[in-house]
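Note: hydrogens, waters and symmetry copies are ignored here, and every other heavy atom, side chains too, is used.
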Amino acid sequence: MSEALRHGGPRAAASGRPVLKHAVLIAVAFCMLYPLLWMLASSFRSSQDIFSTISIIPQSLSLEAYVRGWNSLQVSFGRFFWNSAVIAVLSVIGNVVSCSLAAYAFARLRFRGRNLWFALMLGTLMMPYHVTLIPQYILFLNLDWVNTILPLVVPKFLATDAFFIFLMVQFFRNIPRELDEAAMMDGCSPWRIYWKIMLPLSLPVMATAAIFSFIWTWDDFFGPLIYLNDMETYTAQIGLRSFVDSGGESDWPALFAMSVLGLVPVFLFFLFFQRLLIEGIATTGMKR
């Protein structure tokens with residue numbers, strides 16, 4: 001009896017650790033999700049009630065703020081969603097195609113100055129975006145591209161995102177070179193090796209680049225703010241800013257309602273491709 005009591009303590013403590021661990025994780029998860037839940041609840045409240053409570057349970061489920069937010073501006077908010085979708089999809093295509101080609105060249109082809117160019121490319125990762133903002137703006141202004149989506153899309157087709165190039169280079173380097181040699185013996189050109197061998201084997205890292213590119217482009221505020229002037233060309237993030245008036249009355253319920261809708265495409269995109277995202281991150285940089 002005494003022996004059982006003596007060993008019961010450690011057993012009870014060991015069995016209680018998972019419960020405590022899960023309780024802590026649930027508490028941390030709630031703290032992280034609370035702002036999102038509060039925003040969702042506030043989208044159903046009136047302007048007077050939003051900042052008077054911290055509850056995440058709305059008093060009613062009125063969709064008035066959603067209807068008002070969608071139609072109250074000079075341009076329907078659906079137009080902003082369409083502009084964001086076009087820019088995001090084109091950016092994904094441009095980044096995946098151009099960055100994969102550049103990464104394939106750095107990882108698999110041999111040419112003079114390869115290491116130097118790769119080092120210079122990595123150096124751009126440490127350069128803040130604001131350093132090149134003014135020269136880029138002057139260039140696009142002279143090309144008459146300001147107030148169009150071209151400054152936000154065209155650079156994506158020129159492999160300007162060094163992070164994606166670096167990510168793909170690490171993945172391509174782990175693919176056995178014997179595949180390239182066997183393909184070359186069969187008469188394949190470097191382009192055909194890229195298209196027939198590298199791309200099918202690189203779906204996880206391509207999906208990772210596509211997801212990050214979509215999320216970053218969809219959530220981008222600064223770029224569209226600089227280059228887009230007409231309300232017809234606004235993206236969803238710039239459209240949200242229209243509900244806030246520093247000199248007058250801000251429509252907070254409509255702002256929160258459209259913010260909730262703005263999260264839906266990002267959530268769905270991640271939901272459908274999360275398996276490839278996790279696989280791409282887990283396998284990049286690992287020896288096979």
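Residues F80 and F77 bring their aromatic ring centres within 6.0 Å. Taking the six-membered ring where the residue is Trp, the centroids of F44 and F256 are separated by 6.0 Å or more.
Using a 4.5 Å heavy-atom threshold, the side chains of L225 and I238 count as touching. Side-chain contact between F164 and V96: absent, with no pair of heavy atoms (C-beta onward) separated by less than 4.5 Å. At least one side-chain heavy atom of Y194 sits under 4.5 Å from a side-chain heavy atom of S100. Side-chain contact between P224 and Y234 is absent, with no heavy-atom pair separated by less than 4.5 Å.
Of the possible donor and acceptor atoms, one in the side chain of S98 sits under 3.5 Å from a partner among the backbone N and O of K156. Checked by atom type and distance alone, the side chain of S84 never pairs as donor or acceptor with a backbone atom of F81 at under 3.5 Å. Counting only distance, with no hydrogens or angles, the side chain of S202 and the backbone of L199 share no donor-acceptor pair below 3.5 Å. In terms of modelled atom types and a separation under 3.5 Å, the side chain of T217 and the main chain of F214 share no donor-acceptor contact. Side-chain atoms of W218 come within 3.5 Å of backbone N or O of G262 as a donor-acceptor pair. Judged by distance alone, with hydrogens and angles left aside, the side-chain atoms of Y104 form no donor-acceptor pair with the main-chain N or O of I193 at under 3.5 Å. Remark: the backbone N or O of N95 is not paired with any side-chain donor or acceptor of S213 at under 3.5 angstrom. Not a single donor-acceptor pair under 3.5 Å links the side chain of D230 to the backbone N or O of N147.
Listed by first and then second residue, the salt bridge (charged side-chain N to carboxylate O under 4.0 Å, His left out) pairs involving residues 80-102 amount to none (not counting sequence neighbours).
Among all heavy-atom pairs drawn from T233 and N229, the shortest one is OG1-N, 4.1 Å. Considering every non-hydrogen atom in both M121 and A162, the closest pair reads SD-CB, 3.3 Å. For the pair F269 and A210, the tightest heavy-atom approach, listed with the atom from each and the gap, is CE2-O, 3.8 Å.
Scored by the salt bridge (charged side-chain N to carboxylate O under 4.0 Å, His left out) test, D220 finds no partners at all (sequence neighbours excluded). The salt bridge (charged side-chain N to carboxylate O under 4.0 Å, His left out) search around R192 returns none, not counting sequence neighbours.
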